[in-house]
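Atoms considered below: every heavy atom in the structure, side chains included; atoms not considered: hydrogens, waters and symmetry mates.
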Amino acid sequence: MANSQVAFITIPSSGNEYIKAKGIAQKSTKTIFDFADQLIAKVPGCKETIEYVGESLILFEVGLHAICQAGREDKL
């Protein structure tokens, strides 16, 4: 079984504020087609990808349990 724990950190567009988070990933009950309209509105070039391989894409949801913003830890 794969490790379901995930972590990420944002990269600030300016300044030095960032967000770090930890969580657990699990396979979603939704498909890419549930989000296709919103995704295509933000990234129009992904429409062809969704049409071509959408049936093969597997979505995961990440439940966050720890967040640190610019050095301050807040537990959810």
Side-chain angles (χ1 to χ4, degrees):
M1 181 171 160
N3 185 348
S4 62
Q5 295 193 28
V6 296
F8 68 87
I9 186 168
T10 61
I11 299 171
S13 57
S14 64
N16 63 357
E17 289 189 21
Y18 62 88
I19 295 174
K20 295 191 300 185
K22 294 179 184 178
I24 303 293
Q26 65 182 30
K27 188 175 176 180
S28 179
T29 59
K30 302 203 182 269
T31 70
I32 191 69
F33 301 108
D34 293 317
F35 302 99
D37 291 339
Q38 297 94 322
L39 186 56
I40 293 166
K42 290 184 179 269
V43 186
C46 73
K47 181 178 184 202
E48 293 78 21
T49 301
I50 292 171
E51 291 171 350
Y52 186 69
V53 297
E55 293 290 336
S56 301
L57 296 176
I58 300 170
L59 296 184
F60 286 82
E61 298 178 19
V62 177
L64 302 177
H65 59 78
I67 297 175
C68 174
Q69 180 178 2
R72 193 182 89 229
E73 272 198 40
D74 295 323
K75 303 262 184 199
L76 292 178

| query | Is there a side-chain contact between H65 and K22 (heavy atoms, below 4.5 Å)? | reply | yes
| said: Hydrophobic clustering (ILVMFWY, side-chain heavy atoms < 4.5 Å, transitive) - are L59 and V43 grouped together? | reply: no
| query | Side chain of T31, backbone of F33: donor and acceptor closer than 3.5 Å? | reply | yes
| Do the side chains of K27 and I58 get nearer than 4.5 Å, heavy atoms only? | yes
| message | Using 0.5 Å steps for rounding, measure from the NZ atom of K30 to the CD1 atom of I32. | response | 12.5 Å
| Pairs flagged by side chain to side chain donor-acceptor pair (under 3.5 Å) wherever residues 47-59 is involved - sequence neighbours left out | none
| note | Rounded to the nearest 0.5 Å, the SG atom of C68 sits from the CD1 atom of I19 at a distance of 9.5 Å
| Okay, side chain of S4, backbone of I24: is any donor-acceptor separation there less than 3.5 Å? | no
| Any side-chain heavy-atom pair of V6 and F60 under 4.5 Å | no
| remark: Between the OH atom in Y18 and the CD1 atom in I9, the distance rounded to the nearest 0.5 Å is 6.0 Å
| task | Please examine the side chains of F8 and L64, heavy atoms only from C-beta on, and report whether any two atoms are closer than 4.5 Å. | result | yes
| query | Out of curiosity, Q69 CD to K20 NZ, how far, rounded to the nearest 0.5 Å? | reply | 12.5 Å
